[in-house]
Amino acid sequence: MYTVKLFAILAEQVGQAEVQLQLPTPITAGAVKAAMQAAFPQTSSVLADCLVAVNQTFIDQEEFAPSEVTELALIPPVSGG
Amino acid sequence: MYTVKLFAILAEQVGQAEVQLQLPTPITAGAVKAAMQAAFPQTSSVLADCLVAVNQTFIDQEEFAPSEVTELALIPPVSGG
Amino acid sequence: MHYVAIAAQPLDVQALYEKLKAPQFGGIVTFVGTVRQWTADVETHAIEYTAYTEMALKELTKLATTIEAQGANVVIVHRVGHLALTDEAVFVGVAAAHRGDAFKWCEYLINAVKQQVPIWKKEFDTDKIRWGGLE
Amino acid sequence: MHYVAIAAQPLDVQALYEKLKAPQFGGIVTFVGTVRQWTADVETHAIEYTAYTEMALKELTKLATTIEAQGANVVIVHRVGHLALTDEAVFVGVAAAHRGDAFKWCEYLINAVKQQVPIWKKEFDTDKIRWGGLE
């Protein structure tokens, strides 16, 4: 099980600031979003617009071995400024 | 005789903040600069780049009757900011 | 040297401006974003900002160092917490030798902050609550 | 409402910034020009600014009202007198509803100030005295 940090509307929809998710190897952005959607279907529409961050860096198509992953996060559309 | 205000390098070259000049009618930018050059030839090279202000507004080709002229000034290239 | 921060307390605009000053940089451009009352016909009362703080600091540092490498001082601070009308949400400042660069880099930075730094706003409007970026 | 001035005393950046704030204007861009040490290989120690004050105020007011008519608050203050390195020579601030306008108008205003407002600088450089605008 991996801990995935949640923020903003995503954290509100789930009622938690982080969740535990089962993920396949290698870890990819698509795998994190698919596991989140399966576990918390109410996040589905927001998830479509989320990015994934591994170790506090946005990822796109990269693949990660479990040993490379220290911190996972789902990033809803940002709106600072 | 008309009082003409001087500023910056022009005031330094003449050693005065204003001068008295005889001007033809109508009053024009060209006439002010020509009279200044005749009276103070040492200002010649700076004068070439000066503008003239009548009543605190830059003038170009306009002509003024004496009764319209409250304040005359020679404006060296500006360099604020 | 750049200064970046995620701040839980009100922004001290004067103190942030002072960090930018340097004898070699004669042009200082700052952008401050404040909580605005009206967006078209939607009236806003307050905004709550949250951040993924560690990652936001990393992103801000990347942005600041990229610009500073071109010859500039950069300060970026984003507020989090509950903000009222006219409260400062973000300060972006650039000091450079020439004003054209300072304007260009400051505008680039605030646009980049809005696009890629993990900070979110929850807007308390008269009609309802809105999450920024979603509608 | 705009605020323009020719100031014999040091500029209070914080106070000038505060004049710009308004609930309807969420983006505030300011430009501050300070006395810079190096211009290419010329080293500057100090600058003395003088102005044709009454006319400068008229020109600043024209500039400010033109921009404010498009929906903005404008503050422009230029210092006169003897300034040392890093002293503030000019403050130009624009508050607008949208940041793109605030950046565009602020840059327009500082360019216009430099081109058409009767203010002059006498630069005390290591090698000699230079009048701005002449070489």
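Each chain gets a letter, A, B and so on, in the order its sequence line appears, and its residues count up from 1.
Interface remark: D/K58 contributes side-chain atoms only to the contact with chain B (heavy atom separation under 4.5 Å). The contact between D/K122 and chain B is made entirely by side chain atoms (from C-beta outward), counting heavy-atom distances below 4.5 Å. Using a 4.5 Å cut-off between heavy atoms, B/A53 contacts chain D through its side chain alone, with no backbone atom that close. With a 4.5 Å cut-off on non-hydrogen atoms, D/A56 does not touch chain B at all.
Pairing each heavy atom of B/F58 with each of D/Q116, the nearest pair is CE1-O, 3.2 Å. Contact between D/M55 and B/Q56 at its shortest, heavy atoms only, is CG-O, 3.2 Å. Taking both residues in full, the closest heavy atoms of B/V78 and D/Q115 are given as CG2-O, 3.5 Å, listed atom of the first, atom of the second, then distance. Nearest approach of D/G133 to B/S79, heavy atoms of both residues: N-CB, 3.8 Å.
Summarising the local packing, CD of B/Q20 is surrounded by more than 12 heavy atoms from other residues, nucleotides or ligands at distances under 6.0 Å. Within a 6.0 Å radius of CD in D/Q70, more than 12 heavy atoms belonging to other residues, nucleotides or ligands are found.
Between B/F7 atom CZ and D/T53 atom OG1 the span is 8.0 Å, to the nearest 0.5 Å.
The candidate with the highest count of non-hydrogen atom pairs below 4.5 Å against chain B, out of D/Y52, D/F31, D/F91, D/Y49, is D/Y52. When each of B/I75, B/N55, B/I9, B/D49 is checked for heavy-atom pairs under 4.5 Å with chain D, B/I9 comes out on top.
Within the 3.5 Å criterion, the main-chain N or O of B/P76 finds a donor-acceptor partner in the side chain of D/W120. In this structure, the side chain of D/H78 engages the main chain of B/G81 through a donor-acceptor pair within 3.5 Å.
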